[in-house]
Amino acid sequence: MKEEYSAAEIEARWQKKWEDEGVFHSEPDEREKFFLTIPYPYLNGNLHAGHTRTFTIGDAVARFRRMRGQNVLFPMAFHATGTPIVGLSELIANRDPLIWEVYTKLHGIPEEELVALNTPEAIVAYFRKAAKVAMGSIGFSIDWRREFTTTDPAYKKFIEWQFGILHDLDYVTKGSHPVRWCPHDQNPVEDHDILKGEEATIMDFALIKFRIGDRVLPCATLRPETVFGVTNLWVNPDVMHVVARVNQELWVVSPDAYHKLTFTDREMEWVGEVSGRELIGQMAENPITRDRILILPAGFVDPDNGSGIVMSVPAHAPFDYLALKDLYGADLSGYGITEDLRDIRLISLIKVPGYGEFPAVDAVSELGVRDQHDPRAEEATKLVYRREFHNGILKENTGKYSGIPVQKIKEPLLQDLIDQGAAEIFYEFSESPVICRCGTTCVVKMVRDQWFLEYSNPAWKSRVLACLAGMRLIPEEIRQEFINKVDWLKDKACARRKGLGTLLPWDREWLIESLADSTIYMSFYILAKYVNAGLNIDRLEPAFFDYIFLGKGDPKSASKITGIDEETVQKIRTDFQYWYPVDLRTSGKDLVANHLLFFLFHHVAIYPESLWPKAIAVNGFVSLEGRKMSKSKGPILTLRQAVSENGADVTRLYILGNAEYTQDADWRSEGAQSIRSQVERFYSLARDILKDKDPQATDLGEQELIDRWMISRLQQRISETTEAMEGIQTRRALQSAFYHMQNDLRWYQRRGGRSQLCQVLSVWVRLMAPFTPHICEEIWSELGQGYVAHAPWPLADKSLIDEQAELAESLLQSTQNDVEEILRVTGAIPEKISLYTAPEWKREMLRLALDISSGGRFDMSGLMKAAMADPEIAAHKKEAPKYAQKLAKTVHGQTAEILELDELQTLSMETDYLSRTFGCPVRVLSADQPGPDPMGKSRNAEPGRPAIWIE
RNA sequence: GCGGGGGUUGCCAAGAGGUCAAAGGCGCAGGGCUUAGGACCCUGUCGUGAAGACGUUCGCGGGUUCGACUCCCGUCCCCCGCACCA
């Protein structure tokens, strides 16, 4: 080893060796296999700190498993299908200033290279190469022979095969669905295309059809059950409404609503206009109750929201109640309304604890809302909604829905209304406006004849739940999340008109959507090795995939169909049988509700239970200096940048030690700096141990207390690290394997330990190898044989755990601490220190106290009785009760351990060490025979806590 | 709003009924070693303290218990997801 630690040199050297010698190439053998995968990265930019975390976790696990003797397959590929790369290439070609900025500054791409990235293919090629270099530079132990990209021809064949099966299973269906749509671009709008309203979601309103004669007045509501409580309608008198033929009906809606409706799957025809003023004063019919109700004027009706016609439920909606109240006594004769609005009776239809007959009225008076313009009206609305939704029950006037909780009513009721022709569904943004990057206001559009993956299928879902039940989820807390999301998942549109991807085999108008084509691709890693080696892929027909992945058919015909020789076909099949299923998939938590779910859905659809995934691990995000990372807006830290600034081992150690599980990690360059010095310390410590290596030292038969202590601690570090790594707790593993180990070693050396150093180092290096593989190879090359990457993981030897030695050391340490504390507090400089170990009678008394309290309660009189029966304790009649008092307080927290130790002997043997530490003579005595003790200090001695007298 | 996860001593972060003033790291302070040190070692880092102690703490308010950071109830705040997008 060199004197100075040079990360760049060491890392490059070992990376080259690993690659040259194919150290991480995996082939089936007789060992137990472990197939580990990580979602391949999407190639629209450089790998960043988020990838770094997820991938490094995977790599550390792969290395750990390898050392434990498992045959690990850890492959990697690249994702290119979808639309963003296409969009990006266009923006680059157009020299979009924003993109230019992001890619030159944030992603660090030189301008002359960026210019060339004006086609999707160029982008894919560029980032694929960059990603591979980056992953190499951080030392991932990937079997690169299996690399592929999702736009590769063979991969497309594989996707076609897979969709053929899903189609045959009737899991792919046709339907319509609502999307966020830009009327100007004539395209669905994605998140990053949105200027304003990114938070908006699509909500399904009920459009309830009130009627005036043959005209329909559709009222949009999220609470269709309140149709039973409608007392009137609201219309804005100042808005000119549109009369339109909608399918076979004549509707009256606001102009905005008309505009929106034209994007739904309705046939629309503009017929004429009618002013709000004209509508007011007319009677409309409630399609459910058949009540005839008055149309009243309301300025609060926003023509841009819903249909522009609002149904009024004053008993349950504070706004309606306030608006109605505000009209009491107003002169509406201008609208032809002469009746007294006070005659309109509120209709209550929901019973809710805490409110009387009319919750809206109660809420208004509770919050002291003045009128409809009072900001507290909004608050009252939310309050009523929340309480009614959670605790409300429908009343008898709702007929067959009576007794049903409000929470459960929406779906079935809406369905009934639709069936009766009394309502339709109308999709609307949860907030408006939603504005596209081009400046146009977006609408909700119904896409027709779209292909769906029928994830709502109950049978399919139940297979997924069964799969989950048999899986290991890490951390276990995400299980509930997964189960909830399975429940929540609806059908998913799986075809696109734009982007890169594979064509739907039975409908070549459509491209398969990019999440749908990334679900069981782990299987493809097996085949990819052969494809990369030059397999003939001209005729990869479904029958071939059926055989290699499902064992259907036979190798002979598969060979005949494809032109691949039978032996190879057979070999691929055996490989697959060896490697599959996936043993662990690790991923960021952002993929739970989409990719990881689809990963499960497609596995259970296509493969038999024996090939279902075994485990999923989920990790949190990475922020930068406390700020959220953003690929498009910054800040961003690329993997390459992290490695070139800090080195691979430092980057790995930092990112793995910073957080674990779903916690988010915060990357701070200051933190990374300090890790660098930790790694340097590790290096120089190892270097010194190796330099100082005493060839006979390791054979030294006679082990001192401190040696036994060190070896004992070592076993525990091994166990703890191993356990942590089995649970993918990288942070905990590092606490043990790195920091605690360092502290142990420090104590060991301080106490004069030396003979075990080499052995400890040998274990230590191996425990650290999954985290900092390069430096560990470097050290290992002087210590062991072969690559540390393939060295056996240390096994804890329980027989080497020496409780006596640990007790003795902890007694020594706590005694030392006590002396130090006294010295600190008194400020004294000691000339002589006397220690008195506890007298026998106190030990006996502790033993009795422990016995007595073992049942739970501490029985003082019982203890005294037993104590006095013992002549040795009885001899200390005066002091015994005092000690008993103390025990009463402390015995709950004590154990009998300390009684197993001969304190006098233990400390006596360490007088040299203690004298050296305190710079003065130290003597050890027993309180049983204290010898000189002018201050009577020996009376303070207790088991585990020697009395101290400092002169 | 719904669902999931969190709020711990300057910061990051362990702990999940007594061994807890609470691991470890960072930062900071003091000392040692050194020609020097952003290297290394030791010590301290809630407050008080001339004998190893005492006092006050684990978002906030209650409760259970001999005993709660840990259990229960309520409450406030933070993060993530709510899709057709990788």
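Naming convention: chains lettered A, B, ... in sequence-line order (proteins, then strands); numbering from 1 in each chain.
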Atom CG of Leu812(A) to atom C1' of G52(B): distance rounded to whole Å?
16 Å
Taken to the nearest whole Å, CZ/Phe621(A) to P/G4(B) is 18 Å
Figure out the CG/P separation between Asp517(A) and A86(B), and round it to whole Å.
9 Å
Charged tip of Arg496(A) within 45° of Trp510(A) ring normal and under 6.0 Å:
no
Could you tell me whether the side chain of Asn44(A) has a donor or acceptor atom within less than 3.5 Å of a complementary atom in the base of A86(B)?
no
Any salt bridge linking Glu645(A) with Arg676(A)? Criterion: basic side-chain nitrogen under 4.0 Å from a carboxylate oxygen.
no
Under a 3.5 Å cut-off for both distances, is G44(B) Watson-Crick or wobble paired, and to whom?
C28(B)
Once you round it to whole Å, what is the distance between C1' of C26(B) and CD1 of Ile675(A)?
9 Å
Which nucleotide, if any, forms a Watson-Crick or G-U wobble pair with C82(B), using both distances under 3.5 Å?
G1(B)
Heavy-atom side-chain contact between Phe482(A) and Ile616(A) under 4.5 Å:
yes
In this structure, how many angstroms lie between the P atom of C84(B) and the CG atom of Leu453(A), rounded?
15 Å
Arg751(A) CZ to C41(B) P: how many Å, rounded?
18 Å
Grab the CZ-P distance between Arg746(A) and G25(B) for me, whole Å please.
7 Å
Ignoring hydrogens and geometry beyond distance, is the side chain of Asn484(A) in donor-acceptor contact with the base of G3(B) at under 3.5 Å?
no
Taking only side-chain N and O atoms of Arg750(A), does any of them lie within less than 4.0 angstrom of OP1 or OP2 on U43(B)?
yes
Euclidean distance, atom NZ of residue Lys490(A) to atom C1' of G81(B) [Å, nearest integer]:
14 Å
Lys/Arg N to Asp/Glu carboxylate O, Glu809(A) vs Arg713(A), below 4.0 Å
no
